[in-house]
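Below: the structure, in structure tokens.
Here the structure is a predicted model, which means the values were calculated and not measured. Order of listing sets the numbers, starting from 1, for every ligand and every atom in it.
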Amino acid sequence: MEIKSAKYLISNVDWAACPKPDKPEYAFIGRSNVGKSSLINMLCNQTKLAKTSGNPGKTQHINHFVINYDWYLVDLPGYGYAKVSRNQRAEFGRMIANYLQNRQNLMAVFVLIDSRLKPQALDLEFLRQLGEWGVPFNVVFTKADKNTQSETARNAKNFINKMKEEWEYIPKSFVTSAVKFLGRKELLGYIDELNNVYYNGDDE
Ligand code: GDP
């Protein structure tokens, strides 16, 4: 898929105020500092579309972008940031839970995982929650350039193996680097496929 346009639309705390669900939508989420803004900018061929985290935990909004006037990209706040208060965390949880459970046009949530780390309980817990809600997701490993290829592959495999302990079906996952533009074609190709399903039905 070629990115012809990428435009910021609106930021909300209330899912009900989000744009009319008239296009397929893809949300990006992960722990603070996982590389979410960098990945979004890399996908959209822009440098400043999503704000990279000078101030983690501050962007507590559901941020909508429209891509090619054809699909919505949603930048969700990072989870697991230690310095927010318990109250803020609860509010954040409610906001995200409402959005994820109610957004009718949500085709997939891309859950970003730092490819340098061992499987983290917080990430696995978040996936478990998505499963309970029946929200479709894909795992996206980030910062692949920071390790050797074999280390990245090993960490990704460890994470998937951990998922296999709980999940019967493991959805497609992606290995990416915002610096090397790795995984861009694959991720955009996948979005393209799902867009076709949304607009034309399954039998395309
Ligand atoms: P966010 O908080 O999840 O939005 O993370 P950012 O996109 O702001 O990235 C956090 C830090 O990781 C920044 O210093 C980025 O430059 C760095 N980073 C993000 N993606 C990559 C990547 O693919 N490779 C490398 N080497 N660094 C990255």
>> Evaluate Tyr79 against Ile96 for side chain to side chain contact (heavy atoms under 4.5 Å, CB included), listing each step before the verdict.
In response: CA-CA 10 Å; Tyr79 57 79; Ile96 299 298; over 6 Å; no
> Looking only at N/O atoms, are Asp145 and ligand 1 under 3.5 Å apart anywhere?
Replying inline: yes
> Between Tyr198 and Pro21, which heavy-atom pair has the shortest distance, and what is it?
Replying inline: OH-O, 3.8 Å
>> Within ligand 1, which atoms have a heavy atom of Lys146 less than 4.0 Å away?
In response: 25 (C), 26 (N), 27 (N)
>> Using every non-hydrogen atom in the two residues, find where Met163 and Leu124 come nearest and quote the distance to one decimal.
In response: CG-CD2, 4.2 Å
> What part of Lys36, side chain from CB on, backbone N/CA/C/O, both or neither, has a heavy atom under 4.0 Å from ligand 1?
Replying inline: both
>> Are any of the N/O atoms on Ala178, whether in the backbone or the side chain, positioned under 3.5 angstrom from an N/O atom of ligand 1?
In response: yes
> Near Ser177, which atoms of ligand 1 are under 4.0 Å from a heavy atom of that residue?
Replying inline: 23 (O)
> Side chains of Asn105 and Glu25: donor-acceptor distance under 3.5 Å anywhere?
Replying inline: yes
> Which atom pair, heavy atoms only, marks the closest approach of Tyr26 to Ile191?
Replying inline: OH-O, 3.3 Å
> Under a 4.0 Å heavy-atom limit, does Val179 contact ligand 1 with its side chain, its backbone, both, or neither?
Replying inline: both
>> Quick check on contacts: which atoms of ligand 1 are under 4.0 angstrom from a heavy atom of Ser38?
In response: 6 (P), 7 (O), 9 (O), 15 (C), 19 (C), 20 (N)
> Checking side chain to side chain contact (heavy atoms under 4.5 Å, CB included) for the pair Leu49/Phe65: CA distance, chi angles, key distance, verdict?
Replying inline: CA-CA 9 Å; Leu49 190 67; Phe65 300 85; 3.6 Å; yes
>> Which of the numbered atoms in ligand 1 are under 4.0 angstrom from any heavy atom belonging to Val34?
In response: 3 (O)
> Is ligand 1 less than 4.0 angstrom away from at least one heavy atom of Asn33?
Replying inline: yes
